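Note sheet for the following structure.
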Amino acid sequence: MLKRGLLVWIMVVLLVLADSYLIANPNLIGKVGIWIYKYHYLKTFPKAFMTISLVVCIATGLGFLIYFFVKKKLIKRAIGKLLLSFFILICFVLLINVIITFSKGSYGHTGKLFRAGANLLPCILIFIFGYLLYEIGKIKRDKEIILNNEPDSIEENIT
(Lines give C-alpha, C1' and ligand atoms only; values in the text may rest on other atoms or scores of the structure.)
Protein backbone atom coordinates (compact mmCIF):
# COMPACT_ATOMS: atom_id res chain seq x y z
CA MET A 1 0.00 0.00 0.00
CA LEU A 2 2.68 2.47 0.99
CA LYS A 3 4.81 1.81 -2.09
CA ARG A 4 1.85 2.17 -4.45
CA GLY A 5 0.68 5.34 -2.73
CA LEU A 6 4.17 6.82 -2.88
CA LEU A 7 4.43 6.05 -6.58
CA VAL A 8 1.06 7.69 -7.23
CA TRP A 9 2.12 10.92 -5.55
CA ILE A 10 5.51 10.90 -7.31
CA MET A 11 3.58 10.58 -10.57
CA VAL A 12 1.38 13.56 -9.58
CA VAL A 13 4.48 15.67 -8.90
CA LEU A 14 5.95 14.70 -12.29
CA LEU A 15 2.66 15.56 -14.00
CA VAL A 16 2.63 18.96 -12.26
CA LEU A 17 6.20 19.61 -13.44
CA ALA A 18 5.27 18.61 -17.00
CA ASP A 19 2.14 20.75 -16.93
CA SER A 20 4.10 23.74 -15.64
CA TYR A 21 6.64 23.38 -18.44
CA LEU A 22 3.93 23.08 -21.08
CA ILE A 23 2.00 26.13 -19.87
CA ALA A 24 5.12 28.26 -19.43
CA ASN A 25 6.20 27.69 -23.04
CA PRO A 26 3.54 29.04 -25.43
CA ASN A 27 4.41 30.17 -28.94
CA LEU A 28 4.87 33.85 -29.83
CA ILE A 29 1.13 34.54 -30.15
CA GLY A 30 0.57 32.83 -26.79
CA LYS A 31 3.24 34.98 -25.15
CA VAL A 32 1.59 38.12 -26.52
CA GLY A 33 -1.77 36.88 -25.22
CA ILE A 34 -0.29 36.26 -21.76
CA TRP A 35 1.14 39.78 -21.81
CA ILE A 36 -2.10 41.43 -23.05
CA TYR A 37 -4.42 39.59 -20.67
CA LYS A 38 -1.96 40.00 -17.78
CA TYR A 39 -1.65 36.30 -16.96
CA HIS A 40 1.50 37.12 -14.98
CA TYR A 41 1.16 33.89 -13.00
CA LEU A 42 1.90 31.87 -16.18
CA LYS A 43 4.77 33.89 -17.67
CA THR A 44 7.68 31.81 -16.38
CA PHE A 45 8.17 28.20 -15.33
CA PRO A 46 8.48 28.97 -11.58
CA LYS A 47 5.32 31.08 -11.60
CA ALA A 48 3.40 28.48 -13.59
CA PHE A 49 4.72 25.76 -11.27
CA MET A 50 3.60 27.64 -8.17
CA THR A 51 0.15 28.33 -9.66
CA ILE A 52 -0.43 24.74 -10.75
CA SER A 53 1.01 23.37 -7.51
CA LEU A 54 -1.34 25.57 -5.51
CA VAL A 55 -4.37 24.28 -7.45
CA VAL A 56 -3.24 20.66 -7.10
CA CYS A 57 -2.45 21.07 -3.38
CA ILE A 58 -5.88 22.57 -2.69
CA ALA A 59 -7.59 19.74 -4.59
CA THR A 60 -5.45 17.12 -2.82
CA GLY A 61 -6.15 18.69 0.57
CA LEU A 62 -9.86 18.70 -0.11
CA GLY A 63 -9.75 15.08 -1.23
CA PHE A 64 -7.72 14.00 1.79
CA LEU A 65 -10.09 15.87 4.09
CA ILE A 66 -12.98 13.81 2.70
CA TYR A 67 -10.87 10.63 2.98
CA PHE A 68 -10.00 11.46 6.62
CA PHE A 69 -13.64 12.14 7.50
CA VAL A 70 -14.69 8.81 6.00
CA LYS A 71 -11.88 6.93 7.72
CA LYS A 72 -12.75 8.47 11.12
CA LYS A 73 -16.45 7.79 10.45
CA LEU A 74 -17.40 11.47 10.66
CA ILE A 75 -19.23 11.07 7.36
CA LYS A 76 -20.57 7.94 5.72
CA ARG A 77 -18.57 6.24 3.01
CA ALA A 78 -21.38 6.76 0.50
CA ILE A 79 -21.34 10.51 1.11
CA GLY A 80 -17.55 10.59 0.71
CA LYS A 81 -17.80 8.67 -2.54
CA LEU A 82 -20.57 10.98 -3.72
CA LEU A 83 -18.52 14.10 -2.93
CA LEU A 84 -15.43 12.78 -4.72
CA SER A 85 -17.56 11.67 -7.67
CA PHE A 86 -19.04 15.16 -7.80
CA PHE A 87 -15.55 16.69 -7.89
CA ILE A 88 -14.58 14.28 -10.68
CA LEU A 89 -17.66 15.36 -12.62
CA ILE A 90 -16.81 19.05 -12.12
CA CYS A 91 -13.24 18.43 -13.33
CA PHE A 92 -14.54 16.48 -16.33
CA VAL A 93 -16.86 19.37 -17.27
CA LEU A 94 -13.90 21.74 -16.81
CA LEU A 95 -11.80 19.55 -19.12
CA ILE A 96 -14.49 19.64 -21.82
CA ASN A 97 -14.74 23.42 -21.41
CA VAL A 98 -10.97 23.82 -21.73
CA ILE A 99 -10.86 21.59 -24.82
CA ILE A 100 -13.65 23.57 -26.49
CA THR A 101 -12.23 26.96 -25.48
CA PHE A 102 -8.66 26.20 -26.56
CA SER A 103 -9.60 24.64 -29.89
CA LYS A 104 -11.17 27.78 -31.37
CA GLY A 105 -10.66 31.51 -31.48
CA SER A 106 -7.51 33.23 -30.31
CA TYR A 107 -6.67 30.45 -27.85
CA GLY A 108 -6.39 28.05 -30.77
CA HIS A 109 -3.25 29.88 -31.90
CA THR A 110 -1.35 29.74 -28.58
CA GLY A 111 0.62 26.67 -29.56
CA LYS A 112 0.30 22.94 -29.02
CA LEU A 113 2.38 22.92 -25.83
CA PHE A 114 0.27 25.59 -24.13
CA ARG A 115 -2.99 23.88 -25.11
CA ALA A 116 -1.70 20.50 -23.93
CA GLY A 117 -0.74 22.06 -20.59
CA ALA A 118 -4.17 23.63 -20.24
CA ASN A 119 -5.78 20.25 -20.94
CA LEU A 120 -3.50 18.42 -18.52
CA LEU A 121 -4.49 20.29 -15.34
CA PRO A 122 -8.10 19.02 -15.21
CA CYS A 123 -6.79 15.53 -16.02
CA ILE A 124 -4.44 15.70 -13.02
CA LEU A 125 -7.35 16.72 -10.79
CA ILE A 126 -9.51 13.89 -12.13
CA PHE A 127 -6.66 11.48 -11.40
CA ILE A 128 -6.27 12.74 -7.81
CA PHE A 129 -9.97 12.57 -7.00
CA GLY A 130 -10.27 9.19 -8.72
CA TYR A 131 -7.37 7.75 -6.74
CA LEU A 132 -8.85 8.98 -3.46
CA LEU A 133 -12.24 7.56 -4.47
CA TYR A 134 -10.50 4.22 -5.01
CA GLU A 135 -8.82 4.48 -1.61
CA ILE A 136 -12.13 5.24 0.13
CA GLY A 137 -13.53 2.10 -1.43
CA LYS A 138 -10.77 0.08 0.23
CA ILE A 139 -11.55 1.28 3.77
CA LYS A 140 -13.04 -1.64 5.68
CA ARG A 141 -16.40 -1.16 7.28
CA ASP A 142 -17.28 -2.32 10.80
CA LYS A 143 -19.70 -4.93 9.45
CA GLU A 144 -16.98 -6.51 7.34
CA ILE A 145 -14.64 -6.71 10.34
CA ILE A 146 -17.35 -8.21 12.56
CA LEU A 147 -18.32 -10.78 9.94
CA ASN A 148 -14.71 -11.84 9.47
CA ASN A 149 -14.21 -12.33 13.22
CA GLU A 150 -17.33 -14.44 13.80
CA PRO A 151 -16.79 -18.12 14.53
CA ASP A 152 -17.54 -20.48 11.69
CA SER A 153 -19.99 -22.59 13.64
CA ILE A 154 -21.87 -22.76 16.92
CA GLU A 155 -19.65 -25.61 18.14
CA GLU A 156 -16.60 -23.36 18.20
CA ASN A 157 -18.43 -20.98 20.56
CA ILE A 158 -19.02 -23.76 23.09
CA THR A 159 -15.42 -24.94 23.27
Side-chain angles (χ1 to χ4, degrees), residues 1-26 39-104 107 110 112-157:
M1 161 57 188
L2 183 61
K3 288 183 182 180
R4 183 184 64 232
L6 182 63
L7 289 176
V8 166
W9 297 114
I10 288 173
M11 190 168 87
V12 168
V13 169
L14 291 176
L15 285 171
V16 167
L17 285 169
D19 193 26
S20 302
Y21 173 78
L22 292 171
I23 286 184
N25 291 306
Y39 293 144
H40 58 87
Y41 48 88
L42 299 177
K43 281 185 180 179
T44 63
F45 175 77
K47 288 181 180 182
F49 178 71
M50 290 303 293
T51 303
I52 293 167
S53 296
L54 181 66
V55 171
V56 169
C57 285
I58 289 171
T60 303
L62 188 60
F64 267 118
L65 191 65
I66 293 169
Y67 177 79
F68 175 77
F69 285 164
V70 169
K71 192 162 184 146
K72 295 296 181 185
K73 298 178 182 82
L74 297 173
I75 61 173
K76 292 183 178 182
R77 182 195 310 219
I79 294 174
K81 284 183 174 183
L82 187 66
L83 286 171
L84 287 174
S85 297
F86 179 70
F87 289 138
I88 290 171
L89 179 67
I90 288 173
C91 292
F92 188 70
V93 169
L94 179 65
L95 175 64
I96 292 171
N97 183 26
V98 168
I99 290 171
I100 291 170
T101 303
F102 279 80
S103 63
K104 61 181 180 178
Y107 287 114
T110 56
K112 291 180 183 178
L113 291 178
F114 188 79
R115 289 192 315 250
N119 292 337
L120 185 57
L121 182 58
C123 294
I124 294 171
L125 299 179
I126 289 170
F127 176 75
I128 290 169
F129 290 131
Y131 175 71
L132 291 171
L133 182 65
Y134 168 74
E135 287 295 322
I136 282 179
K138 289 185 357 180
I139 297 173
K140 290 192 176 191
R141 291 182 265 179
D142 288 338
K143 292 178 185 175
E144 292 172 350
I145 295 170
I146 292 170
L147 289 176
N148 290 337
N149 290 333
E150 285 183 357
D152 291 333
S153 67
I154 298 172
E155 294 172 6
E156 290 180 11
N157 264 346

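Owing to the predicted nature of the structure, the values given are computational and were not obtained by experimental measurement.
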Might you work through the side-chain contact (heavy atoms from CB on, under 4.5 Å) test for Ile66 and Leu132, ending with a clear yes or no?
-> CA-CA 9 Å; Ile66 293 169; Leu132 291 171; over 6 Å; no
Could you grab the distance from atom [atom1] of [X] to atom [atom2] of [Y], nearest 0.5 Å is fine?
X      : Y      : atom1 : atom2 : result
Lys76  : Leu82  : NZ    : CG    : 13.0 Å
Cys57  : Ile52  : SG    : CD1   : 12.0 Å
Lys138 : Arg77  : NZ    : CZ    : 12.0 Å
Leu95  : Ile124 : CG    : CD1   : 11.5 Å
Lys81  : Ile136 : NZ    : CD1   : 8.5 Å
Asp19  : Leu121 : CG    : CG    : 5.5 Å

Examine distances only and state if a side-chain atom of Asn119 and a backbone atom of Arg115 form a donor-acceptor pair shorter than 3.5 Å.
->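 Confirmed, Asn119 side chain pairs with Arg115 backbone.
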Can you give me the closest heavy-atom contact between [X] and [Y], atom names plus distance?
X     : Y     : result
Ala24 : Ala48 : CB-CB, 4.2 Å
Val70 : Gly80 : CG2-CA, 3.8 Å
Phe49 : Ser20 : CA-OG, 3.1 Å

Quick one: side-chain contact (heavy atoms from CB on, under 4.5 Å) partners of Ser103, sequence neighbours excluded?
-> none
Considering residues, nucleotides and ligands other than [X], do more than 12 of their heavy atoms fall under 6.0 Å from its [atom1]?
X     : atom1 : answer
Tyr21 : OH    : no
Met50 : CE    : no
Phe92 : CZ    : no

Could you go through the side-chain contact (heavy atoms from CB on, under 4.5 Å) check for Leu83 and Leu62 one step at a time?
-> CA-CA 10 Å; Leu83 286 171; Leu62 188 60; over 6 Å; no
Go through Phe114 and Ile23 one step at a time and tell me if the side-chain contact (heavy atoms from CB on, under 4.5 Å) criterion holds.
-> CA-CA 5 Å; Phe114 188 79; Ile23 286 184; 3.9 Å; yes
Test Phe87 against Leu133 for side-chain contact (heavy atoms from CB on, under 4.5 Å), laying out the working first.
-> CA-CA 10 Å; Phe87 289 138; Leu133 182 65; over 6 Å; no
Would you say the side chain of Phe45 lies within less than 4.5 Å of the side chain of Leu17, judging by non-hydrogen atoms?
->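 Heavy-atom side-chain distance check passes, below 4.5 Å.
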Could you label the plane-to-plane angle of the Trp9 and Phe64 rings as parallel, tilted or perpendicular, counting under 30° as parallel and over 60° as perpendicular?
->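 Because their plane-to-plane angle lies in the 30° to 60° range, the rings of Trp9 and Phe64 count as tilted.
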